[in-house]
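Only one structure is covered here, and it is reproduced in the block below.
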Number of protein chains: 4
Amino acid sequence: MEEQRLSRKEQEKLWRRKHVLSAALELFSKKGYHNISMRQIAKKAEFAIGTLYKFFRNKEDLYKEIVREMAEEYHRRLMEPLERENDAIAAIEGYINAKLDLFSDHKSSLLLYLSETQSPSFNISAGLDKEMQKLYNELMDRLAKIFESAIKRKKIRKRDPRALAISLEGLTNSFLFYWLEKPEEHPFEKDASTIAEIFLKGVSYE
Amino acid sequence: MEEQRLSRKEQEKLWRRKHVLSAALELFSKKGYHNISMRQIAKKAEFAIGTLYKFFRNKEDLYKEIVREMAEEYHRRLMEPLERENDAIAAIEGYINAKLDLFSDHKSSLLLYLSETQSPSFNISAGLDKEMQKLYNELMDRLAKIFESAIKRKKIRKRDPRALAISLEGLTNSFLFYWLEKPEEHPFEKDASTIAEIFLKGVSYE
Amino acid sequence: MEEQRLSRKEQEKLWRRKHVLSAALELFSKKGYHNISMRQIAKKAEFAIGTLYKFFRNKEDLYKEIVREMAEEYHRRLMEPLERENDAIAAIEGYINAKLDLFSDHKSSLLLYLSETQSPSFNISAGLDKEMQKLYNELMDRLAKIFESAIKRKKIRKRDPRALAISLEGLTNSFLFYWLEKPEEHPFEKDASTIAEIFLKGVSYE
Amino acid sequence: MEEQRLSRKEQEKLWRRKHVLSAALELFSKKGYHNISMRQIAKKAEFAIGTLYKFFRNKEDLYKEIVREMAEEYHRRLMEPLERENDAIAAIEGYINAKLDLFSDHKSSLLLYLSETQSPSFNISAGLDKEMQKLYNELMDRLAKIFESAIKRKKIRKRDPRALAISLEGLTNSFLFYWLEKPEEHPFEKDASTIAEIFLKGVSYE
DNA sequence: CATGAATGAGGTTTCATTCAT
DNA sequence: TATGAATGAAACCTCATTCAT
C-alpha cells in the first residue's frame with residue numbers, strides 16, 4: 001500500500017540496495033568484515049565501487065545496515081512464536097524451533113550476528129550497540145514475562161524469570177553452536193525437542 | 001627450581017616477551033585484531049616496532065601466541081576442579097566457580113578467547129583451530145565422564161552425558177556473559193550458586 | 001589499423017603504462033633496482049603509488065616488464081639486419097651498425113639489459129632468465145648460421161661458427177662499452193666501421 | 001719482515017678482517033649485495049654484528065673493500081704475464097691463460113667484479129670508480145704498449161694499439177662468459193688456445 | 001673489547017574513498 | 001546517474017646501525 005508511493009526509480013534503488021546488502025552479507029559471513037574489500041563486494045553485487053557509495057556512506061555503514069537487518073529479521077522470527085502462542089510451554093517450544101530454523105537457514109551469517117550481539121566491545125558497529133541491545137532486551141523481557149506467567153500458573157517451578165530466560169538462551173545457543181561446528185556428530189537427537197526436553201524437564205514441576 | 005637453568009638474559013627476554021603479549025592482549029581484547037596496529041602494540045609495550053619482531057615472526061604469530069596462552073590458562077583453571085573433586089556435584093560447583101573467577105579476572109580477554117573457540121570460521125588463527133578444539137574437547141569429555149558416573153550412581157537423572165556437558169557450558173556462558181555486559185544489574189544473586197542451583201535442580205533426581 | 005580496436009580508454013591506459021615503464025627504466029638504469037623505491041618511481045611518473053599497482057602486480061613485475069620489453073626491442077633491432085641482408089659481410093656490418101645505434105639510443109638502459117643477459121645468477125628476474133636466454137640464443141644461432149654459410153662460400157676463413165659469433169659479440173660489446181664509458185676519447189674512428197674492419201680483417205681470407 | 005712490526009693483536013685483527021671479507025665475498029657473489037644482510041655475514045664469519053663494525057665503518061665500506069681487494073688480485077694476476085714476457089705473442093698468450101685461470105678460480109665472485117668494472121653507474125661502490133678505472137686503464141695501457149711494440153717489430157698488423165687492447169678484452173670476456181654460463185657445452189676446445197688462436201690469427205701478418 | 005638486543009627509518013603493498021568523465 | 005581510475009594514508013615488516021652490558 002504505502003510503498004505505492006515510491007516511484008519506480010525509488011523502488012529500483014531500494015531493490016539494488018538490497019542486492020548489495022545480500023552480496024555483502026554472503027562475503028562478510030564467510031570471511032569477516034576485515035577480509036572483504038569494497039572491490040569484492042562491488043564485483044559480487046555487479047555494481048561499480050562508486051555505486052556502492054551512493055547507497056551507503058562508507059564500508060562501516062554498509063556493514064551496520066547488514067547487521068541491523070539481520071538483527072531485525074532474527075528478532076521478528078524469534079518473537080513471533082512468543083507472541084503467537086498463549087501456552088508458555090508451546091511458546092518456548094516454538095521459540096526453540098524458530099531458533100533452530102534460523103540457525104539452519106543462516107548458518108554462516110549467524111556468526112556475524114553473534115559476534116555483534118555477544119561482544120559489542122570490539123566490533124565495527126559502534127553506535128549499533130544500543131539498537132541491538134534494545135532488541136535483545138525486548139526478547140529477553142518477553143521470555144521473562146512468559147516464564148513469570150507460567151510460574152504463576154504453576155506450570156514451572158518458582159525461579160527468577162530473568163534467570164530462566166538467560167538459561168534458555170544459553171541452552172539453545174550452546175546446542176546450536178555445537179551442531180553448527182560439528183554437523184556430522186549425532187550423539188543425540190539433533191532437533192529442537194532435545195533442547196526443549198532438557199530445559200523443560202529441568203524447570204518443570206514433576 | 002627448573003627455571004634456575006635459564007640465564008638472567010633468557011629470563012629477561014622471557015619477561016619482555018610476556019610484557020609484549022600482555023600489552024597486545026589488552027589492546028586486542030579492547031578493539032580486536034584488525035583494529036590494532038603493530039605500532040600501537042609497540043607503543044603500549046614501550047618497545048620499538050622492530051623489537052616486537054625479535055619476539056614474534058609477525059603480527060599473526062603474536063596473536064596466536066596470545067590466544068594459545070589464554071586457552072591454556074583457561075583450560076588449566078577449568079580442568080582443575082573437575083580433576084580434583086571426586087564428587088560429581090562438587091566438581092560441577094567447582095567448575096562453575098572456576099569459570100566465574102576466570103570471567104572476573106579476565107573480563108575483556110575472554111571475548112577474544114570466545115571469538116576463537118566459538119567461531120573458528122573467520123578468525124585469524126588458522127592452524128590454531130585444532131589445538132583449541134582439542135583443549136575444548138578434552139574439557140567437554142571430562143565433563144561428560146563426570147556426568148556419566150553421576151548418572152550411574154543415580155546422582156542425576158539419566159540423560160545423554162554429552163548433552164549435559166553442552167547444557168552446562170551454555171548455562172554458564174550465558175550467565176557469565178550477561179553479568180559481563182551488565183555489571184550493574186542484580187535481578188538475582190550474581191554468583192556461581194545461582195547457576196549451580198539452576199543446573200543441578202534441573203538435572204537432579206528429586 | 002588493428003589498434004583501432006582498442007577503445008580510447010584502453011589506449012590511454014596503455015600509454016600511461018608505458019609512461020610508468022619509461023620513468024622506472026630511467027631510474028633503474030641510473031641507480032639500479034634496489035636503490036629505487038616505488039615512491040620514487042611514482043613521483044617521477046607523476047602518479048600516486050597506488051596507481052603503479054594498477055599497472056603492475058608489484059615492483060618485481062614492473063622491473064621484469066622493463067627488462068622484457070627492452071630485450072624484445074634489442075632483439076628485434078639486432079635481428080633485423082641479420083635477416084634482411086643476404087650477403088654475410090653486409091649482414092655483419094648491418095648488425096654492428098644496429099648495435100651501435102642501439103647503444104647510442106639507449107645508453108643507460110643498456111647496462112640494465114646487460115646485467116640481465118650476462119649475469120643471470122643474482123638478478124631479480126628469476127624466471128625471466130629462460131626467456132632472455134632464448135632470445136640471446138636465437139641471435140647467436142642466427143649469427144652462427146651466417147658465418148657457416150660464409151665459410152662455405154669461402155668468404156671467411158674456416159673456424160667454428162659459434163666461436164665466431166661469440167667473438168663478434170665480444171668485440172662489439174667491448175668497443176661499445178668503451179665508447180659508452182668514455183664518450184670523450186677518440187683514439188680512433190668511433191663508428192661501426194672500426195669494429196667491422198677489425199673483425200672482418202681478422203676472419204677473412206686475405 | 002715488515003709485518004713483524006705488527007703486534008700479535010694487530011696481526012689477529014688483520015686476520016679476522018680477512019676472514020670477514022672472505023665470508024662476505026662468498027655470500028655477496030652468490031646473492032648480490034642487496035640480498036645479503038649484515039646478520040648473515042656476521043653469522044657466516046662467526047662474529048657478532050657489532051664486531052663487523054669494528055672492522056668496517058658500514059656495509060658499503062665492507063663491500064668496497066671486497067671489490068678493491070678483488071680488483072687488486074685480478075690486476076696483479078693479469079699484469080704479471082704482461083710484465084714477465086718479453087715476446088708480445090707470449091705475453092698475450094700468458095694474459096689469456098691468466099684470465100682463464102682467474103675465471104676458473106673465482107667463477108662467482110667474478111660477476112661481482114664485472115658488475116663493478118663494467119657498469120660503474122649503478123653500483124654500490126661510489127667513489128671506487130676512480131681506483132678501479134685506474135687499475136683497468138693501467139692494464140689496457142700495458143696491453144696497448146705491447147701491441148705497439150709488436151706492430152713496430154712487424155709481429156702483428158698495423159692497427160691502433162688501443163683498439164687492439166679493447167678487442168682482446170672483448171674476445172676474452174665473451175668467451176669466458178660463455179663458458180661460465182654454459183659449463184656443459186663444448187662446441188670447440190674450451191681453453192685459452194682457442195681464444196689466442198682466433199685473436200692472433202686475426203691480427204697477425206700472414 | 002666483543003656482543004647482540006634494541007632501534008626506527010624507510011621499504012613494499014593494500015584499500016577505502018573521491019571525483020572527473 | 002553510474003563508473004572505476006586515481007589517490008595516498010597507513011598497514012606490515014626488514015635491516016643497517018648503535019650502544020649498554
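Below, chains carry the letters A, B, ... as their sequence lines are ordered, and counting in each starts from 1. Any value given below was found using the heavy atoms of this structure, including those in side chains, with hydrogens, waters and symmetry copies removed. Treat the numbers as computed from the prediction; the structure is a model and nothing was measured.
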Could you tell me whether the phosphate oxygens of [N], OP1 or OP2, come under 4.0 Å of any side-chain nitrogen or oxygen in [X]?
X	N	answer
D/Thr51	E/dT3	yes
C/Lys54	F/dA5	no
C/Arg39	E/dT13	no
B/Arg16	E/dA6	yes

To the nearest Å, give me how far apart [atom1] ([X]) and [atom2] ([N]) are.
X	N	atom1	atom2	answer
A/Phe56	E/dT17	CZ	P	13 Å
C/Asp61	E/dT13	CG	C1'	13 Å
C/Gln40	E/dG10	CD	P	11 Å
B/Ile41	F/dC13	CD1	P	10 Å
B/His34	E/dT14	NE2	C1'	14 Å
D/Arg17	E/dA2	CZ	C1'	18 Å
B/Gln11	E/dA5	CD	P	16 Å
B/Lys13	E/dA5	NZ	C1'	8 Å

Checklist entry - Taking the nucleotide of DNA chain E with the closest heavy atom to each, which residue, B/Ile49 or C/Ser37, is nearer the 5' end? => result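 Checking each residue's closest nucleotide, the 5'-ward one belongs to B/Ile49.
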Checklist entry - How do D/Glu46 and B/Gly50 order along DNA chain E: which one's closest nucleotide is nearer the 5' end? => result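 Going by which nucleotide is closer to the 5' end, it is D/Glu46.
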What nucleotide, of [options], holds the atom closest to the side chain of [X]?
X	options	result
D/Tyr53	F/dT17, E/dT13, E/dA6	F/dT17
B/Phe47	E/dT7, E/dT17, F/dT18	E/dT7
A/Met38	F/dA6, E/dT17, E/dG11	E/dT17
D/Ala48	E/dT12, E/dG4, E/dA6	E/dG4

Checklist entry - Do the numbers put D/Lys18 on top of the ring of D/Phe55, so that NZ or CZ is under 6.0 Å from the six-membered ring centre and no more than 45° off the axis? => result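 Verdict for D/Phe55: no cation-pi partner in D/Lys18.
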Next on the checklist: Is the positively charged end of D/Lys59 above the ring of D/Tyr33, judged by distance under 6.0 angstrom from the centroid and angle within 45° of the axis?
Outcome noted: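 Yes, D/Lys59 and D/Tyr33 form such a contact.
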Item to check | Heavy-atom donor-acceptor pair, C/Glu26 side chain to C/Ala23 backbone, under 3.5 Å | outcome: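 It does not hold such a pair.
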Checklist entry - Donor-acceptor pair, B/Ser29 side chain versus B/Leu25 backbone, under 3.5 Å? => result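 Indeed, once roles are kept as given, a pair shorter than 3.5 Å links the two residues.
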Checklist entry - So what's F/dG4 paired with, Watson-Crick or G-U wobble, going by both distances under 3.5 Å? => result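 E/dC19 is the nucleotide pairing with F/dG4.
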Item to check | Salt bridge D/Glu65-D/Arg68, side-chain N to carboxylate O under 4.0 Å | outcome: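 Judged by the 4.0 Å cut-off on N to carboxylate O distance, D/Glu65 and D/Arg68 do form a salt bridge.
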Checklist entry - When you look at CD of D/Glu46, are more than 12 heavy atoms from neighbouring residues, nucleotides or ligands closer to it than 6.0 Å? => result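 Counting neighbours around CD of D/Glu46, 12 or fewer heavy atoms of other residues, nucleotides or ligands fall under 6.0 Å, so no.
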Next on the checklist: Both B/Asn58 and C/Leu52 contact DNA chain F. Taking the nearest nucleotide for each, which residue is further toward the 5' end?
Outcome noted: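 Final value for this comparison: C/Leu52.
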Next on the checklist: Counting the atoms with a prime plus P, OP1 and OP2 as sugar-phosphate, which does B/Ile36 contact under 4.0 Å by heavy atoms, base, sugar-phosphate, or nothing?
Outcome noted: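 B/Ile36: backbone/sugar contact only, no base atoms under 4.0 Å.
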